[in-house]
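Below is one structure, written out as structure tokens; the observations come after it.
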Protein chains: 2
Amino acid sequence: MSEPERRPFVSARTVAERAGVSRSAVSRTFTDGASVSEETRRKVLEAAGELGYHVNHLARGLRERSNIVCLVVADMTTPIRARLVDVLTRKLQAAGKVIMIINTGTDEESVASALRQTLNYRADATVVLSGTPSAKLIETSLANGQQVVLINRDDPLTGCHNLSVDNQMAGREAFFLLRRAGCRRLALVTSTASTASLLERERVFVEIAKEAGMAVTVMASGPTSYASGYESARRLFGRSDGPDGVFCVTDLLALGFMDAARHEFGLSLPRDLCLVGFDDIDEGDWQSYKLTTFAQPFAAMADHLVELLGQPVAAEAGRRIFEPVPIWRKSVRPSAD
Amino acid sequence: MSEPERRPFVSARTVAERAGVSRSAVSRTFTDGASVSEETRRKVLEAAGELGYHVNHLARGLRERSNIVCLVVADMTTPIRARLVDVLTRKLQAAGKVIMIINTGTDEESVASALRQTLNYRADATVVLSGTPSAKLIETSLANGQQVVLINRDDPLTGCHNLSVDNQMAGREAFFLLRRAGCRRLALVTSTASTASLLERERVFVEIAKEAGMAVTVMASGPTSYASGYESARRLFGRSDGPDGVFCVTDLLALGFMDAARHEFGLSLPRDLCLVGFDDIDEGDWQSYKLTTFAQPFAAMADHLVELLGQPVAAEAGRRIFEPVPIWRKSVRPSAD
DNA sequence: GATGCAAATGCACTTGTGTGCAAGTCTCAT
DNA sequence: ATGAGACTTGCACACAAGTGCATTTGCATC
């Protein structure tokens, strides 16, 4: 017959009727600093308790800011991404924000529709963790007074804030680490999903090696995953002279690479092979791996994000670069000296 | 001086003025099946495009259902939890829902405040992935016409839907697996965070072993983590007669356990030790582990969840149990026969 | 008892939507 | 030309909140 009647959420009016006061009184009871007598306040709270009333933040958001922050993210199952989402949600919540999450692909259209949804829900800010939004959409976000923050997306987009890690430093340090260990034949393992961050690490590593007179074999066998790192190792060591010093632009690639090197080719680390990763995922510290890598300072980045969101939108957007911190473990020989 | 003026989101009225039509026309243009002439529709769309207008779903949610689903989750960085969140967000989004995520602790107070926030934002449904809400709060959720769905929380709470995995089957099968492999000295490794699911797996395993005349050493050294599994192995093998068949109630525990067994005690799997896990996290399939385990059928669970949300709230709540699927890898000897 | 002042209260408007209803316009056939 | 009928359009209200402003109440002081 008729659409089964959906029980409505209890509203301030219902509470007011029950308590025998005006709706304004209810509103004031739940507003700090508003003027209500102790008596009515008591009546309102009692009625609210009995009915299970909760202030509708959506309606409140019509007049003021919504306090909603949208997180646009792809590849959520990746350990590093899960950590980032975890840290961000914690810190944002602590700052009184409410998080809306959009799990999207990295292709332009997915990101575009995510961005639009962000606007539909009047989010105060959109934080993009993966994928790259089009310049035009960012523009409409800004036109609507919405802040846009890109994390680890090193794309030259104007108008939005940009938090990222110092990829150049990582590429440089990785090289020095391997050279100090006495490695002769260098390789770099990356993914076919060539994001700006990964490309930057690759570029700097290859460039600085070249300056030092060393060639680098670059290998990419698939997306940023364990399997792809594994495959890259099979290909590299399948040749006559495999590398003895490798920089994997991601820990996940590094772990796959390490497993293949050990189990398929019987190599021992760090004797036959030195390996450097990037990200510092939990798995890299497991007893089977003990990977030397760089940690992303997510906590600091999240703190900075919260600070940004407190500022007015007008504040000029810019880039902020965070220093990765080297984590010394056992996949690289200590200095040959 | 004055609070820096926050540029407002563009509203339907602004679009109407620009297009030279009434606000209703704008509303109708963005409503399927509403009656608008081709001419006005064109004008509206043009003005909307120029201004970057997006319908405010928050305001729309005042009249109808909000389409918001809240995910309450703890320990997001855990691989299994990250996978669950990933699958759920994907499927819910595909069903037209918008996901609000609340990253909380497992203690009662954290969960309570998460639940309250859920109500504040008029979520159509709350999905609890970890932690256990109090019966009283569930009641107020229901009183507000909000659905409550618990995933893998085997607590006896009335009024809410309950999706979970068949833990009894897992405990039983784990035992048979180990017995068939000829194991003599059984142990069970769990965590100190004794959730109902973990307890259930433990209970059944121990019980059925007892029926078969075999004792089981139960060990818990900390939370559900790699480190805690590692520690449990150290304790168990530090004694005179370590176990030769172990069921870890979680893959993460199993991987830590395996690493300690290998690297600290030089054991080889599956010769000296057979190991069964539960969850089927990606890491278990890595070359260093190849863990035999049970996969949680998250896709089916998510599909069922979406189906539930389509039904009216009135539909009587109940429990639905999903069969885990055994994943045979290499940490258990094939049958001794 | 009248006056003054502060605290409490309620009315009405605001926010951005969707939609029922009535009035308006346009087309076509009689 | 006129009426029927279909299609458009705008007004006004509903949704759930917060708040400025005017009014009422309470209480103390003269």
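None of these values were measured; they are calculated from a predicted model.
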Just how far, in rounded Å, is C1' of D:dT8 from CZ of B:Arg42? 16 Å
Would you mind telling me which residue lines up with the more 5' stretch of DNA chain D, A:Phe30 or A:Arg13, judged by nearest nucleotide? A:Arg13
Whole-Å distance, A:Leu58 CG to C:dT15 P, equals 18 Å
Atom-to-atom span, CD of A:Glu17 to P of D:dA16 - whole angstrom: 11 Å
Taking the six-membered ring of A:Phe30 (Phe, Tyr or Trp), confirm whether the NZ or CZ of A:Arg28 is under 6.0 Å from its centre and within 45° of its axis. no
Taking CZ from A:Arg63 and P from D:dC15, how many angstroms apart are they, rounded to a whole number? 18 Å
Rounded to whole Å, how long is the line connecting atom CG of B:Asp32 with atom P of C:dT19? 11 Å
Measuring to OP1 and OP2 of C:dT17, would you say a side-chain N or O of A:Arg122 lies under 4.0 angstrom away? yes
Options D:dC15, C:dT17, D:dG18, nucleotide nearest the side-chain atoms of B:Ser27: C:dT17
Spacing of B:Asn144 atom CG relative to D:dC15 atom P, expressed in whole Å: 16 Å
Would you say B:His304 and B:Glu307 make side-chain contact, with heavy atoms under 4.5 Å? yes
Testing the 3.5 Å rule here: is there a donor-acceptor pair between the side chains of B:Ser27 and B:Ser24? no
Between P of D:dG18 and CG of B:Asn120, the distance in whole Å: 11 Å
Can a salt bridge be assigned to the pair A:Glu139 and A:Lys136 using a cut-off of 4.0 Å between side-chain N and carboxylate O? no
Would you please say whether a donor-acceptor pair under 3.5 Å links the side chains of B:Asp107 and B:Ser110? yes
Under 4.0 Å between a side-chain N/O of A:Arg60 and OP1 or OP2 of D:dG18, yes or no? yes
What's the CG-C1' distance between A:Leu62 and C:dT17, to the nearest Å? 8 Å
What I want to find out is whether B:Arg42 reaches B:Glu38 closely enough, with some N-O distance under 4.0 Å, to be called a salt bridge. no
Would you mind telling me which of B:Arg122, B:Met100, B:Gln146 makes a side chain to side chain contact (heavy atoms under 4.5 Å, CB included) with B:Cys70? B:Met100
Using a cut-off of strictly less than 4.0 Å between a heavy atom of the residue and any atom of DNA chain D, enumerate the qualifying residues of residues 44-56 of chain A by number. A:Tyr53, A:His54, A:Val55, A:Asn56
Could you go step by step and tell me if B:Val21 and B:Lys43 meet the side-chain contact (heavy atoms from CB on, under 4.5 Å) rule? CA-CA 8 Å; B:Val21 300; B:Lys43 283 194 289 189; 4.2 Å; yes
Under 4.0 Å between a Lys/Arg side-chain N and an Asp/Glu carboxylate O for B:Arg116 and B:Glu109? yes
For nucleotides 7-11 of chain C, which of its nitrogen or oxygen atoms have a protein nitrogen or oxygen under 3.5 Å away, and what is each distance?
residue : atom : partner : partner atom : Å
C:dA8   : OP2  : A:Ser35 : OG           : 3.3
C:dT9   : OP1  : A:Ser37 : OG           : 3.2
C:dT9   : OP1  : A:Thr40 : OG1          : 3.4
C:dT9   : OP2  : A:Ser37 : N            : 3.2
C:dT9   : OP2  : A:Thr40 : OG1          : 3.0
C:dG10  : OP2  : A:Ser22 : N            : 3.2
C:dG10  : OP2  : A:Ser22 : OG           : 2.8
C:dG10  : N7   : A:Arg28 : NH2          : 2.8
C:dG10  : O6   : A:Arg28 : NH2          : 2.7
C:dC11  : N4   : A:Ser24 : OG           : 3.2

